[in-house]
Number of protein chains: 2
Amino acid sequence: MSKPLPRSAADKGGEARTADGLALGLMARRIGFRMRLLQNLLGARVVAAFAPFGLRPGTFTTMALIAANPGLSQIRLAREGGLDKSALVAIVDQLEERGLAVRTRSVIDRRSNSLALTPAGEALMQEMSAAAQATEQCIRDGLSPAEVETLFELLERAYQIVAREDAREPPG
Amino acid sequence: MSKPLPRSAADKGGEARTADGLALGLMARRIGFRMRLLQNLLGARVVAAFAPFGLRPGTFTTMALIAANPGLSQIRLAREGGLDKSALVAIVDQLEERGLAVRTRSVIDRRSNSLALTPAGEALMQEMSAAAQATEQCIRDGLSPAEVETLFELLERAYQIVAREDAREPPG
DNA sequence: TATTGTTATACTCTATAACTATA
DNA sequence: TATAGTTATAGAGTATAACAATA
């Protein structure tokens, strides 16, 4: 408690601060908090970028995961997407109403739905993906290509580390 | 659109997937989404770690920012913390009721409150900070010290890049 | 006239439990 | 008996607007 924290590259030249000059204090060395600061900014951009499409970020994520995993069931999508299965119902309803996705009863297990995007859904997803990537383009431009890869790699490894530990002993 | 994405270190050996094997598709190259995957896991851990204290993560963040910025006003704290000023009233109320923080009218501008932690608030914040750091310890253990520093540095630089661009042209 | 803190209100998300049809 | 999807409902979180005190 009395030992000083090691001075990191991230706060050399003084204590780490927000863009408006607020000191981060104990939050400076919290990975989760540092990610959230960045996501607060990116999230606002994504909401604005998706507004013309009339869909929310979570709905787009749902579309992208369906597209990448044809025949995906709602229960699995809910678990992986970090939302409740009941919350997903409204999202899939909305996608069906707009003709972007379809539910078909699974022939293997008739309790579950096989989800798939329609061609219109595929097309819209590609458009929205481009809009979403544009919100992060400044990061790709401001970092070197190698640094961008390093960021992806470190986020991936951190995620796998935590997921593996959770698998042994869930947090909830 | 027809150009294949460059194969990155983060998804070498095949498409990037969640811990449960779901393909990420277009989300694989989204910095915001990759951070959110990790935060979904960390967030559940932090909520569990804070439950014994009877406080939520946002309340702890508020305490930490007050501690690092003595005399902070509610309006500035709300702006920086990414929440509405009206939402902050309930949080500060709760901190005052539990004797963890105090409001004093600013002598410079009597419209604004100067926020400060009480000694009890300082002590609890230190305890909660240790509990929060413990939720991320496996990442610090699983990555090398240099990699941890690189992760902090890249998150910091990405944040500053986006914040600087937002300052020129806000997204909302 | 603009800003800080507050209150009230409405809206959205989320969490929980129950219900059905299948297994 | 357990699971996938659905529905209903209640609680928490968030956003908006209005107000009093102060600048």
Side-chain angles (χ1 to χ4, degrees), chain A residues 20 22 36 39-40 43-44 46-48 50-51 54-62 65-66 69 71-97 101-116 170-172, chain B residues 20 22 36 39-40 43-44 46-48 50-51 54-62 65-66 69 71-97 101-116 170-172:
Chain A
D20 279 11
L22 216 61
R36 190 151 62 80
Q39 280 195 293
N40 281 348
V46 172
V47 168
F50 284 174
L55 294 177
R56 295 176 39 75
T59 309
F60 168 71
T61 302
T62 298
L65 290 179
I66 293 173
N69 302 273
L72 188 61
S73 70
Q74 289 180 208
I75 193 93
R76 183 137 184 252
L77 180 50
R79 269 199 297 260
E80 295 297 302
L83 50 141
D84 198 82
K85 61 177 179 169
S86 63
L88 186 60
V89 173
I91 293 176
V92 179
D93 282 350
Q94 185 190 25
L95 290 175
E96 271 201 327
E97 281 160 21
V102 289
R103 286 182 246 233
T104 56
R105 221 61 190 178
S106 166
V107 289
I108 299 156
D109 183 341
R110 294 186 31 193
R111 291 172 303 183
S112 75
N113 288 332
S114 287
L115 302 175
Chain B
D20 278 11
L22 215 63
R36 190 151 63 80
Q39 281 195 293
N40 282 348
V46 172
V47 168
F50 284 174
L55 293 177
R56 294 178 40 75
T59 310
F60 169 71
T61 302
T62 298
L65 291 179
I66 292 172
N69 302 272
L72 188 62
S73 72
Q74 289 180 206
I75 193 94
R76 184 136 183 252
L77 179 51
R79 267 200 298 261
E80 295 295 303
L83 49 141
D84 198 83
K85 61 178 180 169
S86 63
L88 186 60
V89 173
I91 293 176
V92 179
D93 282 350
Q94 186 191 24
L95 290 176
E96 270 201 327
E97 281 159 23
V102 288
R103 285 182 248 234
T104 55
R105 220 65 188 175
S106 166
V107 289
I108 299 156
D109 183 342
R110 294 186 30 193
R111 291 172 303 183
S112 76
N113 288 332
S114 287
L115 302 175

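First the proteins, then the strands, lettered A, B, ... as listed; each starts at 1. These numbers come from a predicted model, not from an experiment.
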Given atom [atom1] of [X] and atom [atom2] of [N], what is their separation to the nearest angstrom?
| X | N | atom1 | atom2 | value |
| --- | --- | --- | --- | --- |
| B:Leu83 | C:dT4 | CG | P | 15 Å |
| B:Ile75 | C:dT6 | CD1 | P | 11 Å |
| A:Leu115 | D:dA4 | CG | P | 13 Å |
| A:Asp93 | D:dT7 | CG | C1' | 11 Å |
| A:Leu72 | D:dA4 | CG | C1' | 13 Å |
| A:Asn113 | C:dT20 | CG | P | 18 Å |
| B:Leu88 | D:dA12 | CG | C1' | 17 Å |
| A:Arg56 | D:dA15 | CZ | P | 10 Å |

Is the backbone N or O of [Y] less than 3.5 Å from a side-chain atom of [X], with the two atoms forming a donor-acceptor pair by type?
| X | Y | value |
| --- | --- | --- |
| B:Glu96 | B:Arg103 | yes |
| A:Arg105 | A:Arg111 | yes |
| A:Asp84 | A:Ser86 | yes |

Subject >> Considering all heavy atoms, the nearest B:Leu72-B:Leu65 contact >> reply: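 That would be CD2-O, 4.0 Å.
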
Original post:
What pairs with B:Ser112 under side chain to side chain contact (heavy atoms under 4.5 Å, CB included), at least two apart in sequence or on another chain?
Top reply: B:Ser73, B:Ser106, B:Asp109

Subject >> Residues forming a side chain to side chain contact (heavy atoms under 4.5 Å, CB included) with A:Ala116, sequence neighbours excluded >> reply: A:Val102

**OP:** Produce a footprint string for nucleotides 17-23 of chain D: one letter per nucleotide, 5' end first; B if the base is under 4.0 Å from any protein heavy atom, S if only the sugar-phosphate is, - if neither.
**Re:** ----BBS

